[in-house]
Amino acid sequence: MIDLNGKIVSLPLSGGINSAAVLCWLIESGMKPKELHLYYAHFEEHSPSTLAFVHRQMGEAKRYFDNVICTITYNSVLEFFENAKMIPHPRNSPCSRLLKIEPMVTHNSIHGVQVDLIGFVRTEKRRIDAMNESRGASDMFMTKAFPIEMFDEEWCFEIVRKLIGWYPFIYDIRSIDGKRLFKHNNCLPCKNMTIEQMEAVAYWFPIYMAKAHELSIKLQVYWGRDADAYYTTFGKPDYESDQCEVCKFD
């Protein structure tokens, strides 16, 4: 176990279950960082209870640690896409990079963070390996630690339930066979979602999906991996209606 006593520690909160579990792990460890930086990039498109969940975590952290520095930024991924005039391909994530990762890296550098705690669990070994392999110049003086990599996500739910008391209700939405429909508390919808996941957003969070589809119509682009599947499910807008009478005959 990495020793965090007397260290300047960063714990990026995603609003999801895994990063909350890292905070709970740190509380139970009994270690006392010199500074604990809790950084959260909020998006309007996060599920309705996410911001309250993060505030609860920050409040609990202040109960257990002497020096907690809380930072919250406020963003809209729909506004970001509209300004950029595109919805990115699932493999390209400028929204995460520009609105979350780069500001957080700058924050950590300014405050001299020594250890960055990442909430990957044991099913995410490939992500851990990829992150270790891609360490850049900004990581020269900072250690990335994965304190819950030996646990699974059910452990995360259990420890968060025990120490925080609750988590966003999106995780308790289940299919008929009892499986969680939403495994992550991402933006609704996220550009990485499959059609099935976006259908779940449309059913459980219809206002969110309606706003996203409105942007799709405005930008004349689709969400997800497959244009045909998207437009078959949500309907393809009639772009020709904006053409002049002459162009319609071309």
Exercise. Under the salt bridge (charged side-chain N to carboxylate O under 4.0 Å, His left out) rule, what do Lys211 and Glu214 come out as? Steps first, then yes or no, please.
Key: CA-CA 5 Å; Lys211 289 181 178 179; Glu214 182 181 343; over 6 Å; no
Practice problem: Could you walk me through whether Val201 and Met193 pass side-chain contact (heavy atoms from CB on, under 4.5 Å), step by step? | Solution: CA-CA 10 Å; Val201 174; Met193 285 182 170; 3.7 Å; yes
Exercise. Decide yes or no on side-chain contact (heavy atoms from CB on, under 4.5 Å) for Met198 and Met209, but give the supporting numbers first.
Key: CA-CA 8 Å; Met198 282 189 277; Met209 193 65 224; 4.2 Å; yes
Exercise. In sequence, state the C-alpha distance, the side-chain angles, and the governing distance for Lys62 and Cys70, and then conclude on side-chain contact (heavy atoms from CB on, under 4.5 Å).
Key: CA-CA 10 Å; Lys62 290 177 179 179; Cys70 299; 3.7 Å; yes
Exercise. Could you check His42 against Val54 for side-chain contact (heavy atoms from CB on, under 4.5 Å), going step by step and ending with a plain yes or no?
Key: CA-CA 9 Å; His42 181 66; Val54 170; over 6 Å; no
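Residues Ile148 and Cys156 approach most closely at CD1-SG, 3.9 Å, considering heavy atoms. Closest approach of Lys191 and Pro90 over heavy atoms only: NZ-O, 3.0 Å. When every heavy atom of His46 is checked against every heavy atom of Ser14, the shortest pair comes out as CE1-O, 4.1 Å. Residue Ala145 comes nearest to Pro147 through the heavy atom pair O-CD, 3.3 Å, listed as atom of the first residue, atom of the second, then distance. Between Glu153 and Lys183, the closest heavy-atom pair is OE1-O, 4.2 Å. Closest non-hydrogen pair, Asn192 versus Arg225, comes out as O-NH1, 2.6 Å.
Contact check for Phe43 versus Leu99: side-chain heavy atoms found under the 4.5 Å cut-off. Annotation: side chain of Trp155 is not in contact with side chain of Arg122 (no heavy-atom distance under 4.5 Å). In this structure, Pro94 and Met86 have side chains that are in contact, with non-hydrogen atoms separated by less than 4.5 Å. Phe65 has its side chain within reach of Leu23: a pair of non-hydrogen atoms, C-beta onward, lies under 4.5 Å apart. Looking only at side-chain heavy atoms (C-beta outward), Leu117 and Leu4 come within less than 4.5 Å of each other. Between Ile195 and Thr232, the closest side-chain pair of non-hydrogen atoms is not below 4.5 Å. You'll find the side chain of Lys7 stays beyond 4.5 Å of the side chain of Lys34, heavy atoms only. Here the side chains of Ile164 and Phe53 are in contact, with some heavy-atom distance below 4.5 Å.
Aromatic ring pairs are classed by plane angle as parallel below 30°, tilted from 30° to 60° and perpendicular above 60°; the pair Phe234 and Tyr230 is tilted. Ring-plane geometry between Tyr231 and Tyr222 is classed as perpendicular, the angle between the planes exceeding 60 degrees on a 0 to 90 degree scale with a lower cut at 30. His111 and His37 have tilted rings, their planes meeting at an angle from 30° to 60° on a 0 to 90° scale. Ring-plane geometry between Phe205 and Phe169 is classed as tilted, the angle between the planes lying from 30 to 60 degrees on a 0 to 90 degree scale.
Side-chain atoms of Lys100 and Thr73 form no donor-acceptor pair, as typed in the model, at a separation below 3.5 Å. For the residue pair Glu45 and Ser76, a side-chain donor N or O sits within less than 3.5 Å of a side-chain acceptor on the partner. Defined by atom type and a distance below 3.5 Å, a donor-acceptor pair is present between the side-chain atoms of Tyr167 and Arg161. No side-chain donor-acceptor contact under 3.5 Å links His55 and Tyr40.
A distance-only check finds no donor-acceptor pair linking the side chain of Lys218 to the backbone of Lys85 [under 3.5 Å]. At distances below 3.5 Å, at least one donor-acceptor pair connects side-chain atoms of Glu124 with backbone N or O atoms of Val121. Ser109 contributes no side-chain N or O that, together with a main-chain N or O of Val105, makes up a donor-acceptor pair within less than 3.5 Å. In this structure, Trp223 contributes its side chain and Ala212 its backbone to a donor-acceptor pair below 3.5 Å. A donor-acceptor contact shorter than 3.5 Å links the side chain of Asn185 to the backbone of Gly15. The closest donor-acceptor contact from the side chain of His184 to the backbone of Asn186 lies at 3.5 Å or more, if one exists at all. A donor-acceptor pair is defined here as one N or O able to donate and one able to accept, closer than 3.5 Å; such a pair exists between the side chain of Gln114 and the backbone of Ile8.
Remark: Lys179 NZ to Asp177 CG distance equals 5.0 Å, nearest 0.5 Å. Annotation: the span from Met104 atom CE to Thr106 atom OG1 amounts to 10.0 Å, rounded to 0.5 Å. Distance check, rounded to the nearest 0.5 Å: OG of Ser47 to OH of Tyr171 gives 8.0 Å. A distance of 4.0 Å separates CG in Asp116 from NZ in Lys144, rounded to the nearest 0.5 Å. Taken to the nearest 0.5 Å, the CD1 atom of Ile87 stands 13.0 Å off from the CG atom of Asn92. With rounding to the nearest 0.5 angstrom, the CG atom of Asn18 is 13.0 Å from the CZ atom of Phe146.
Ile110 and Leu11 fall into different hydrophobic clusters, defined by Ile, Leu, Val, Met, Phe, Trp and Tyr side-chain heavy atoms under 4.5 Å apart, directly or through other members. One hydrophobic cluster, built from ILVMFWY side chains closer than 4.5 Å, cannot hold both Ile69 and Val113; they sit in different ones. Tyr203 and Phe182 fall within the same hydrophobic cluster, where Ile, Leu, Val, Met, Phe, Trp and Tyr residues are linked whenever their side-chain heavy atoms come under 4.5 Å apart, directly or through other members. Linking ILVMFWY residues whenever their side-chain heavy atoms come closer than 4.5 Å, directly or via other members, leaves Tyr39 and Leu51 in distinct clusters. Under a hydrophobic-cluster definition in which Ile, Leu, Val, Met, Phe, Trp and Tyr are linked whenever side-chain heavy atoms come within less than 4.5 Å, directly or via other members, Ile159 and Met150 are assigned to the same cluster.
For the side chain to side chain contact (heavy atoms under 4.5 Å, CB included) with Glu60, the qualifying choice from Met58, Arg56, Gln57 is Arg56, the only one to do so.
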